Amino acid sequence: MNKVLSHVRRCVEDYDMIQSGDRVAVGVSGGKDSLTLLVALAKLREFYPKPFTVEAITLDMGHADGRESADFSRVADLCARLNVPYTLLHTEIHHIIFDLRQESNPCSLCAKMRRGALHNALQERGITKIALGHHYDDAVETFFLSLFYEGRISCFQPVTYLDRTGITQIRPLLYCGEAMVRGAAARAGLPVVYNPCPANGCTKRQEIKELVRDLDRQYPGLKSRVFGAMQRLPLPAWGPVEHRRLPLPDGE
């Protein structure tokens with residue numbers, strides 16, 4: 001976890017993600033990425049020169065297809081040990097998407113509904129900053145998704161200000177590769193919650209993940225070069241970054 005923490009601190013500093021007095025909410029899905037981010041920010045809070053607080057918010061998707069609901073009790077226990085306030089919000093997103101609308105391509109609508117529910121919860125609590133668990137590999141995969149399926153060079157930004165809500169999204173794991181995150185979560189024994197979504201593992205993102213993995217094997221260092229190219233392109237909030245130290249290949 002110390003290696004992850006080092007990368008997180010560097011990313012936070014490079015992109016000026018956290019200011020003194022910030023209340024930073026972590027969107028905790030229960031997956032390895034968001035749990036690792038939660039632990040890293042809780043540790044960073046202890047010594048970062050700009051004092052800030054951390055809290056965690058989980059959306060219960062309301063899986064109503066006869067299977068047991070996800071159990072977040074161990075996530076709540078982790079938050080208690082980290083001294084991080086925890087909120088579990090119950091929604092009907094799964095029921096709406098899969099039962100009522102029966103969406104054949106549910107991911108886009110699901111993402112919009114989750115963002116809406118999360119932003120409403122933040123506004124009700126007076127929180128204006130949310131940390132999301134997107135990492136190095138997610139950024140590269142999103143770049144290829146935009147290129148292949150939308151015909152544009154684009155990616156999510158390290159820091160995004162949403163003027164309609166006044167909320168700022170930050171992504172402190174951007175310098176951490178998925179392998180690093182997975183290893184840290186396993187070594188720390190984090191309480192990863194199984195994702196019961198019917199579309200899990202059957203999405204365009206999964207296809208791109210496998211393609212990028214194969215390309216990186218054929219052309220070693222491809223992911224690192226693509227990530228570096230994104231930093232150097234004049235994409236909003238990404239570049240130019242000549243003064244920044246680029247992460248090592250695969251965030252390792």
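Since we're looking at a predicted model, the values are computed, not measured.
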Which heavy atom in [X] sits nearest to a heavy atom in [Y], and how many Å separate them?
{"X": "I127", "Y": "I167", "result": "O-CG1, 4.3 Å"}
{"X": "M1", "Y": "A188", "result": "CE-CB, 4.1 Å"}
{"X": "A56", "Y": "C79", "result": "CB-SG, 3.8 Å"}
{"X": "V4", "Y": "A40", "result": "CG1-CB, 4.3 Å"}
{"X": "F156", "Y": "H135", "result": "CZ-O, 4.5 Å"}
{"X": "L78", "Y": "P191", "result": "CD2-CD, 3.9 Å"}

(message) Can you see whether T142 engages R205 through a side-chain donor-acceptor pair at a distance of less than 3.5 angstrom?
(response) yes
So, Q19 versus K129: side-chain donor-acceptor pair below 3.5 Å or not?
-> yes
Once you round to the nearest 0.5 Å, how far does [atom1] of [X] lie from [atom2] of [Y]?
{"X": "F227", "Y": "L222", "atom1": "CZ", "atom2": "CG", "value": "13.5 Å"}
{"X": "I18", "Y": "R45", "atom1": "CD1", "atom2": "CZ", "value": "11.0 Å"}
{"X": "C176", "Y": "H134", "atom1": "SG", "atom2": "NE2", "value": "14.0 Å"}
{"X": "L44", "Y": "E46", "atom1": "CG", "atom2": "CD", "value": "9.0 Å"}
{"X": "L145", "Y": "I208", "atom1": "CG", "atom2": "CD1", "value": "5.0 Å"}

Within one Ile-Leu-Val-Met-Phe-Trp-Tyr cluster: [X] and [Y], side-chain cutoff 4.5 Å:
{"X": "L211", "Y": "V226", "result": "yes"}
{"X": "L118", "Y": "Y161", "result": "no"}
{"X": "L215", "Y": "F143", "result": "yes"}

Worksheet item: Can you tell me if T58 uses its side chain to pair, donor with acceptor, with the backbone of S29 under 3.5 Å?
Response: no
| field | Side chain S6, main chain N2, donor-acceptor under 3.5 Å | value | no
Given side chains that start at C-beta, do those of E141 and R213 come closer than 4.5 Å, heavy atoms only?
no
**Message:** What I'd like to find out is whether the side chain of T168 reaches to under 4.5 Å of the side chain of I130, using heavy atoms alone.
**Reply:** no
- Could you walk me through whether Y136 and Y175 pass the ring-ring contact (aromatic ring centres under 6.0 Å, His included) test, one step at a time? CA-CA 6 Å; Y136 178 96; Y175 287 175; 8.4 Å; no
Check your understanding: In this structure, are over 12 heavy atoms from other groups packed under 6.0 Å from Y149 atom OH?
Key -> yes
Lys/Arg-Asp/Glu bridge criterion (N-O < 4.0 Å) met for K209, D214 = no
